[in-house]
Amino acid sequence: MKIGYPCINTSIARETKSTFRLASYSEYCLVEVVRNNLDHLEKILQYNVRKSLLFFRITSDLVPFASHPICKFNWQKYFVHRFKRVGDFIKKNKIRISMHPDQFVLINSPKEVVVENSIRELAYHCSILDLMGLDSSSKIQIHVGGAYGDKPLAMKNFGKNYSALLSDNIIRRLVIENDDRLYNVSDCLRIHDLTGVPILFDSFHHRCCGNRDGLSLSNACQMSNQTWKKNDGVPMVDYSDQAPGYRKGKHCTTIDLDNFRRFVLQTRELNYDLMLEIKDKQISAIKAANALCSLGMRIAL
DNA sequence: GGGCGTCAAGCGTAT
DNA sequence: ATACGCTTGACGCCC
């Protein structure tokens, strides 16, 4: 099992800004920010290797406005060697990589323009992973999308657009994640049957958000994991925990190790890489890795 | 140099 | 009707 955390390391300060406003877009600004973002990403990855955290989610904001029409600059070509260098480091250290496009990536939207924008955004995510030379085990995870007043139709439309509109390069990386309100694991399994898309199991969404479908945690996790094929790599699982005293669904600020151990023991027959979606990022990831060791389980490889 | 209004993108739910 | 959460906060103007 590899343990990871998303996008940001709270202990590595940024020396420069990571993005900018659309109103201040310029090629100069883009080049500077992307260069700095790649430098910063390398620092985080080096830290992660030192700490044996070999799973990481790369931020979608690595290249700001990459899928926006304002961006005419060929950043792919300009930064080809920098991306390759990061990718070589990732491969050399066997780091597992995921990306998670934002909530407006909706491939089942009834609005054609939303679908078009979503596909452009997915293509952007792919190009990051492609430029790094990473194989199809590097995944791009999205939610199924909206229900649009007719959930069965919305699911059918997901399948339709998936097959008709997505390029092979997107399909080889794309996975869907059960969400906290609309599409639970059973729904995702139905969409998997339609499309073959693997399911990334989110334990928090499954467990705590009124999204139960009668599947036990270990069954839901196992059935999701079985949708991953050989070329998809080890199944990925997202983990978080309820922030005590807050609205249902709010992520906790730091990991509760008792809950974490319980989760690990319930799923101990299964093989997966675990992404900890917890506010304090690498701090909880390190705590979790230590907890696994004390349970006699082995992290990384 | 700190405070805070606002920031590309969609949807569903709560108020 | 409007605000909010989602999540990765953080830019950038204002004082």
Side-chain angles (χ1 to χ4, degrees), chain A residues 4-26 29-30 32-33 36-37 40-41 43-44 56-72 97-125 128 140-151 153-155 157-158 161 176-184 187 202 204-205 208-211 238-243 246-253 275-285:
Chain A
Y5 61 96
C7 305
I8 281 176
N9 182 310
T10 60
S11 74
I12 304 177
R14 286 199 66 95
E15 288 154 25
T16 55
K17 59 183 182 163
S18 61
T19 183
F20 50 89
R21 296 283 170 89
L22 180 59
S24 34
Y25 181 92
S26 70
C29 207
L30 182 75
E32 287 307 299
V33 162
N36 290 324
N37 285 350
H40 190 71
L41 174 61
K43 279 188 209 158
I44 294 177
F56 190 66
R57 184 182 297 165
I58 295 176
T59 175
S60 296
D61 284 343
L62 200 65
V63 184
F65 306 107
S67 73
H68 190 282
I70 200 172
C71 180
K72 306 266 195 269
I97 294 294
S98 68
M99 298 187 81
H100 194 339
D102 267 311
Q103 67 276 8
F104 39 76
V105 170
L106 299 158
I107 68 171
N108 70 343
S109 174
K111 299 174 193 165
E112 212 173 301
V113 65
V114 172
V115 178
E116 285 166 11
N117 292 344
S118 298
I119 292 173
R120 270 213 314 280
E121 184 71 0
L122 289 173
Y124 152 64
H125 284 76
I128 299 270
I140 298 170
Q141 62 185 99
I142 60 170
H143 294 290
V144 176
Y148 312 102
D150 185 345
K151 194 165 138 183
L153 179 66
M155 290 166 74
N157 283 339
F158 183 99
N161 287 348
I176 56 170
E177 173 191 351
N178 57 304
D179 67 64
D180 53 348
R181 290 172 306 171
L182 288 174
Y183 294 97
N184 59 28
D187 297 324
D202 186 308
F204 185 49
H205 291 160
C208 92
C209 300
N211 196 14
D238 281 357
Y239 178 89
S240 187
D241 211 346
Q242 176 65 39
Y246 283 88
R247 174 189 58 78
K248 215 176 184 190
K250 181 163 173 66
H251 291 230
C252 56
T253 50
M275 177 62 60
L276 300 177
E277 295 185 318
I278 298 177
K279 279 276 175 267
D280 65 358
K281 306 291 177 188
Q282 81 285 348
I283 297 172
S284 282

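Reminder, nothing fancy here: chain letters follow the sequence lines and each chain counts from 1. Nothing here was measured: the structure is a model prediction, and the numbers come from that model.
Using the Watson-Crick or G-U wobble rule with both distances under 3.5 Å, dA8(B) pairs with nothing in any strand shown. Pair assignment for dT8(C) gives none, since no Watson-Crick or G-U wobble pairing has each distance under 3.5 Å. A 3.5 Å limit on both hydrogen-bonding distances identifies dG1(B) as the Watson-Crick or G-U partner of dC15(C).
Contact annotation: Lys111(A) side-chain N/O to dC11(B) OP1/OP2 distance is under 4.0 Å. Distances shorter than 4.0 Å separate some side-chain N or O of Lys279(A) from OP1 or OP2 on dG9(C). A close approach under 4.0 Å does not occur between any side-chain nitrogen or oxygen of Ser67(A) and OP1 or OP2 of dA9(B). The side chain of Lys17(A) contributes an N or O atom lying less than 4.0 Å from OP1 or OP2 of dG12(C). Within the 4.0 Å cut-off from OP1 or OP2 of dC11(C), at least one side-chain nitrogen or oxygen of Ser18(A) is found. In this model, the phosphate group of dG12(C) is approached by a side-chain N or O of Ser24(A) to a distance below 4.0 Å at OP1 or OP2.
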field: Test log, rule side chain to side chain contact (heavy atoms under 4.5 Å, CB included), inputs Asn161(A) and Val115(A)
entry: CA-CA 8 Å; Asn161(A) 287 348; Val115(A) 178; 4.0 Å; yes
query: Are Gln282(A) and Ile12(A) close enough, and set up right, to give a side chain to side chain contact (heavy atoms under 4.5 Å, CB included), and what steps lead you there?
result: CA-CA 10 Å; Gln282(A) 81 285 348; Ile12(A) 304 177; over 6 Å; no
- request: Let me see the working for Phe56(A) and Tyr5(A) under ring pair (Phe, Tyr, Trp, His ring centres under 6.0 Å), right down to the final yes or no.
  value: CA-CA 6 Å; Phe56(A) 190 66; Tyr5(A) 61 96; 5.3 Å; yes
task: Assess whether side chain to side chain contact (heavy atoms under 4.5 Å, CB included) is satisfied between Ile140(A) and Tyr124(A), documenting all intermediate values.
output: CA-CA 11 Å; Ile140(A) 298 170; Tyr124(A) 152 64; over 6 Å; no
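Using a 4.0 Å heavy-atom cutoff across all strands shown, Phe65(A) reaches at least one base atom of the nucleic acid. Contacts of Asp61(A) with the nucleic acid, taken as non-hydrogen atoms under 4.0 Å apart, include base atoms. Nucleic acid contact class of Ser60(A) (heavy atoms, under 4.0 Å, all strands): base.
Between the CG atom of Asp280(A) and the C1' atom of dT8(C) there is a distance of 14 Å, rounded to whole Å. Rounded to whole angstrom, the span from the NE2 atom of His205(A) across to the P atom of dG5(C) amounts to 15 Å. Rounded to a whole Å, the CD atom of Gln103(A) is 12 Å from the C1' atom of dG12(B). Note: CD1 (Ile119(A)) to C1' (dG10(B)) measures 16 Å, nearest angstrom. The interatomic distance linking Ile278(A) (CD1) with dT7(C) (P) rounds to 13 Å, in whole Å. When the P atom of dC13(C) is taken as reference, atom CG of Leu22(A) falls 14 Å away, rounded to whole Å. Nucleotide dG12(C) holds its C1' atom 19 Å from the OH atom of Tyr25(A), rounded to whole Å. Look at NE2 on His143(A): it is 12 Å from C1' on dG5(C), rounded to the nearest Å.
Taking the C1' atoms as reference points, dG9(C) lies 16 Å from dC4(C), given to the whole Å. Here, dA3(C) and dT6(B) have their C1' atoms 15 Å apart, quoted to the whole Å. Between dC11(B) and dA10(C), the two P atoms lie 27 Å apart (nearest whole Å). With both ends at atom P, the span from dC7(B) to dT7(C) equals 22 Å, rounded to whole Å. dT8(C) and dG5(B) have their P atoms separated by 24 Å, given to the nearest Å.
Lys281(A) contributes a side-chain N or O that, together with a main-chain N or O of Pro6(A), makes up a donor-acceptor pair within less than 3.5 Å.
Each of Cys7(A) and Thr19(A) has a nearest nucleotide on DNA chain C; the 5'-most of these lies closest to Cys7(A).
Among dC11(B), dG12(B), dG9(C), the nucleotide with an atom closest to any side-chain atom of Ala147(A) is dG12(B). Distance from the side chain of Leu182(A) is smallest for dG12(B) among the nucleotides dG12(B), dG9(C), dA8(B). Here the nucleotide nearest the side chain of Pro110(A), chosen from dA9(B), dC11(C), dC11(B), is dC11(B). Looking at the side chain of Glu121(A), the nearest of the listed nucleotides dG10(B), dA9(B), dG12(B) is dA9(B). Taking only side-chain atoms of Arg21(A), from C-beta outward, the nucleotide of dT7(C), dC7(B), dG10(B) with the closest atom is dC7(B).
Pro64(A) approaches Val33(A) most closely through the heavy-atom pair CG-CG1, 3.8 Å.
dG10(B) has no stacking from Phe104(A) on its base ring, since the centres under 5.5 angstrom apart and planes within 30 degrees of parallel are not both found.
Between His205(A) and His143(A), the ring planes lie tilted relative to each other; the angle falls in the 30° to 60° range.
Residue-to-nucleotide contacts include no donor-acceptor pair under 3.5 Å from the side chain of Arg57(A) to the base of dT8(C).
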